[in-house]
Protein chains: 2
Amino acid sequence: MPDNSGAPSGQSLLFLTDEQLRKGIEAMFFAYRGFTADPDRILAEHGYGRAHHRAVHFIHRAPGTTVNNLLNILGVTKQSLNRVLRTLIDDGLVESRVGAQDKRERHLFLTEKGGALEAALSEAQRGRMRTAYRAAGPEAVQGFRTVLEAMMEADMRGHYEKMKEKT
Amino acid sequence: MPDNSGAPSGQSLLFLTDEQLRKGIEAMFFAYRGFTADPDRILAEHGYGRAHHRAVHFIHRAPGTTVNNLLNILGVTKQSLNRVLRTLIDDGLVESRVGAQDKRERHLFLTEKGGALEAALSEAQRGRMRTAYRAAGPEAVQGFRTVLEAMMEADMRGHYEKMKEKT
DNA sequence: CACAATACGTCAGTGTTGTTGACATTCCAA
DNA sequence: TTGGAATGTCAACAACACTGACGTATTGTG
């Protein structure tokens, strides 16, 4: 359905030479590193890693989400996630409440302290994103988002739009 | 200081609300995972990880590069890189030659076998990149690249254009 | 020449984050 | 009610990053 053969699409370059693609691949690599650099610094001060960041991020975004829910989003094993959650709970950043209907489930919430960390991490990352967006301009941002959406796994498309609401 | 009021920049939306930025952040997260999914599968078959992929990629791109050169690009410690290089050399994917001028340096090359792995990894990743590019269209690709460049660390900008040529 | 600096490799130890395997609890349906 | 599926926890292990300390060969400099 792309059909770039019959429709030059007005613009100029969609050669897609291996060279072009290679540049895109490397840009992705370097950009992702820059993208995570600021949060990584903050996390290191607290003795945490990226796994903690991801957990805190998605709990903030969907308070009351269950462990299983988080598992599907993050794409890791429950054992791996559990270790991270345990430290966050022990440190008083996350609260785990037994489910009302289904007592097997645990619903996760950020405490005030956890919310503070989330805010710090989020602000650092938004800062870099904002700077990049401003430098690139609105049209570039639109293109950026379009390509990223096409790049992610099909079963993840839309997960960042609305997470399952099973609160 | 934002002043998105005075400079509409032609297009429409550069609101940059926290919601907009959050979507961008999550898109980056999911897209990077999709971006590395295919190579990860191939690497797992060979018992390798992403660290091996990165090494093989940059050696392919700049044959004869030195260990120190690679260190600067990858941003890891020499101990970490050395572990990876050792396995690649032992498995006959990479060849290490003593420098002609400076005998302290080791110049790295892919063997035929190493080139084959690189080609497989590269083709898998290019395939996904190509699909995303086609789906998004030329203008989107341009914007994608522009934002990524603005997002990467300043000292890495241009490294993907031309690596130091100290062959 | 003697000495410092550079480039590379290695050994030992630690931490984060992923994995499998085993297990307890809870729910649901045959 | 009983067996199985779902949910979450504990234990052990592997990959890969890190720091720190050394050893060696080579280069450059006073």
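Residue numbers start from 1 in every chain, and the chains themselves are labelled A, B, ... in the order their sequence lines are given, proteins ahead of strands.
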Checklist entry - Nearest-Å distance, CG (D90(B)) to C1' (dG9(C))? => result 13 Å

Checklist entry - Rounded to whole angstrom units, what separation is found between the CZ atom of R97(A) and the C1' atom of dG8(D)? => result 18 Å

Checklist entry - Does a nitrogen or oxygen in the side chain of N68(B) sit under 4.0 Å from OP1 or OP2 of dC8(C)? => result yes

Item to check | All side chain to side chain donor-acceptor pair (under 3.5 Å) counterparts of T87(A), not counting sequence neighbours | outcome: H52(A)

Checklist outcome for this item: Here the distance between atom P of dT7(D) and atom NE2 of H107(A), to the nearest Å, is 11 Å

Item to check | Test side chain to side chain donor-acceptor pair (under 3.5 Å) applied to H57(B) - qualifying residues, sequence neighbours left out | outcome: E26(A)

Checklist entry - Out of curiosity, L88(A) CG to K113(A) NZ, how far, rounded to the nearest 0.5 Å? => result 10.5 Å

Checklist entry - How many Å lie between CZ on R86(B) and C1' on dT10(C), as a whole number? => result 7 Å

Next on the checklist: The criterion is salt bridge (Lys or Arg N to Asp or Glu O under 4.0 Å); which residues satisfy it with E153(B), sequence neighbours excluded?
Outcome noted: R128(A)

Checklist entry - What nucleic acid atoms does G47(A) come within less than 4.0 Å of, heavy atoms only: base, sugar-phosphate, or nothing? => result sugar-phosphate

Next on the checklist: In whole Å, I'd like the distance from the CD atom of E105(B) to the C1' atom of dC8(C).
Outcome noted: 10 Å

Checklist entry - What string of B, S and - do you get for nucleotides 17-30 of chain C, 5' to 3', if B is base contact, S is sugar-phosphate-only contact and - is no contact with any protein heavy atom under 4.0 Å? => result BBBBB----BS---

Checklist outcome for this item: Sorted by chain and number, sequence neighbours left out, side chain to side chain donor-acceptor pair (under 3.5 Å) with N68(A) holds for none

Item to check | salt bridge (Lys or Arg N to Asp or Glu O under 4.0 Å): pairs with one or both residues in residues 72-95 of chain A, sequence neighbours excluded | outcome: E95(A)-R97(A)

Checklist entry - Rounded to the nearest Å, what distance is computed from the CZ atom of residue R33(A) to the C1' atom of nucleotide dA17(D)? => result 13 Å

Item to check | Whole-Å distance separating the CG atom of L71(B) from the P atom of dT6(C) | outcome: 15 Å

Item to check | Separation of atom NE2 in H53(B) from atom C1' in dC16(D), rounded to whole Å | outcome: 17 Å

